2 protein chains.
Amino acid sequence: MVKVKKENQPARLKIIQTAFDLFHKQGVNATSVDEILEKSQAGKSQFYYYFKNKEDLVHSVLMFFYGQLKNNELPINNKIESWKDLERWFYNFVGMQKAMNCDRGCPIGTIGSELVTGQDLIRQDIKLIFEFTRNSLSRFFHGLKVKGELKDSVDPDVLADFCFTVMQGGLLVAKINRESDIFENSIQQALAYLKSLAK
Amino acid sequence: MVKVKKENQPARLKIIQTAFDLFHKQGVNATSVDEILEKSQAGKSQFYYYFKNKEDLVHSVLMFFYGQLKNNELPINNKIESWKDLERWFYNFVGMQKAMNCDRGCPIGTIGSELVTGQDLIRQDIKLIFEFTRNSLSRFFHGLKVKGELKDSVDPDVLADFCFTVMQGGLLVAKINRESDIFENSIQQALAYLKSLAK
DNA sequence: CTACAATTGTACTATGTAGTTCAATAATGT
DNA sequence: ACATTATTGAACTACATAGTACAATTGTAG
């Protein structure tokens, strides 16, 4: 009987989840390893047993998030199959942000904003996550196109880019303003445009 | 003859400009006072003579930027009086970013992304800057409306919000991806939408 | 020149930071 | 039981960090 690598490492998981939350709240650079350990009730040797260094933790956090995203375990539903789903997708971000008093932006965008030249491993992780989300959007618009429900001139991938940009911009602006009006207005306009492309 | 407060403090200015550049490049938290001083060839006592602390420096940097913005001394022209101007406004951001190898996002958005609860002075500074830019956009759309060149149903302020969101999102996404395709696609869609509202 | 304020250089303190060391303990297979 | 490996606790190192103290120097006004 081949023993599968044990995947039950509660301390490791707790560290990752705590780190994710702190990174989301205050960014990577403002979060020390010690703070993560204190909040996750873990010791230093646990940390450096599970992670090579802080950068490796950031990587692990992103991979953990990516896993949840792929398995649809996140509050944001990325299965977009109708206009209604797309609306829900947009407004879910608003809802999540409001639930946090508009104190935080996109957890991934926040990490991405701190990237500097040379941090290419982390950058690739984030690109992977972004790509997955963009693909969900693309698939929806491609589907519409195949069904002949979109004007011939439109490129489904470009529409996905557009949605993604509005989402990221909206989350950032809402965080800075500590209120989501601008975000909501932007979503409204984006949806009005997209629907105008239907035929 | 009343002596006006001397505004010629080359060391102070150099510190602010150096700090602005480093904040833009790597964010506030990743930039130490010592690094700013080394790069601006200034000493510690100069720093704490001109600034109360690091937060005060961030405030000063933002106020300096705000001054440049108001006096139209920045590479981005905020006097938007025609559709051509609006296009230029959008694409200037792309151009600036490309000139930096898509290694940086919005200098202000980058600082804003690092905000945490309680940093309300800095937040207000950023809101001031954002508001100024949003007003430039609003003015343009209001002007169109007054001239009867916009459909009656549209709210000029909402269009300004929309432009601003696309700009912020695009800059962030382009920085993370280290290329501006998604940003450019989004601008293209945003402009297509906005122009569709003309009558 | 002289007094006084503006400015700067150098050295310092206290604390936070990432990461290491290593012995102690727990778990596992034979 | 025994050996081996996985896991953890606690103290520690080396360095970076924000901010201070204060004397030395420069500029300026009478």
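The model shown is predicted, which means the values in this text are computed figures rather than measured ones. Atoms considered below: every heavy atom in the structure, side chains included; atoms not considered: hydrogens, waters and symmetry mates.
Remark: the backbone N or O of A:V28 is paired with a side-chain donor or acceptor of A:E114 at under 3.5 angstrom. Between the side chain of A:H59 and the main chain of A:K54, no donor-acceptor pair closer than 3.5 Å is present. In this structure a side-chain-to-backbone donor-acceptor pair under 3.5 Å is present from A:K175 to B:S113.
For B:N53 and A:A42, each mapped to the nucleotide of DNA chain D holding its nearest heavy atom, the one lying further toward the 5' end belongs to A:A42.
Distance CD1 (A:I36) to P (C:dT17): 11 Å, rounded to an integer number of Å. In this structure, B:Y49 atom OH and D:dG19 atom P are separated by 19 Å, rounded to whole Å. Protein atom CZ of B:F47 is 20 Å distant from nucleotide atom P of C:dA6, rounded to whole Å. When rounded to the nearest whole Å, the span between CG of A:L37 and C1' of D:dT8 equals 12 Å. Counting to the nearest Å, the C1' atom of C:dT7 and the OH atom of B:Y48 are 17 Å from each other.
Between the side chain of A:K54 and the base of C:dG19, no donor-acceptor pair under 3.5 Å is found. For A:S32 and C:dG16, a side-chain-to-base donor-acceptor distance below 3.5 Å is absent, hydrogens and geometry of angles not being considered. Between the side chain of A:K44 and the base of C:dG19 there is at least one donor-acceptor pair of N/O atoms closer than 3.5 Å.
Between A:K195 and A:E87, at least one side-chain nitrogen of the basic residue sits less than 4.0 Å from a carboxylate oxygen of the acidic one, meeting the salt-bridge criterion. For the pair A:D120 and B:R178, the salt-bridge criterion is not met [side-chain N within less than 4.0 Å of a carboxylate O]. Ion pairing of B:D157 with B:K145 is absent here, as no side-chain N (NZ or NE/NH1/NH2) approaches a carboxylate O to less than 4.0 Å.
With a 4.5 Å cut-off on side-chain heavy atoms, B:L57 and B:I36 count as touching.
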Dot-bracket encoding of pairs in DNA chain D, which uses [ ] for pseudoknotted crossings and | for another strand, Watson-Crick or G-U under 3.5 angstrom: ||||||||||||||||||||||||||||||
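Residue A:Q46 places at least one side-chain N or O under 4.0 Å from the OP1 or OP2 atom of D:dT8. Close to D:dT8, at under 4.0 Å from its OP1 or OP2, lies a side-chain N or O of A:Y50.
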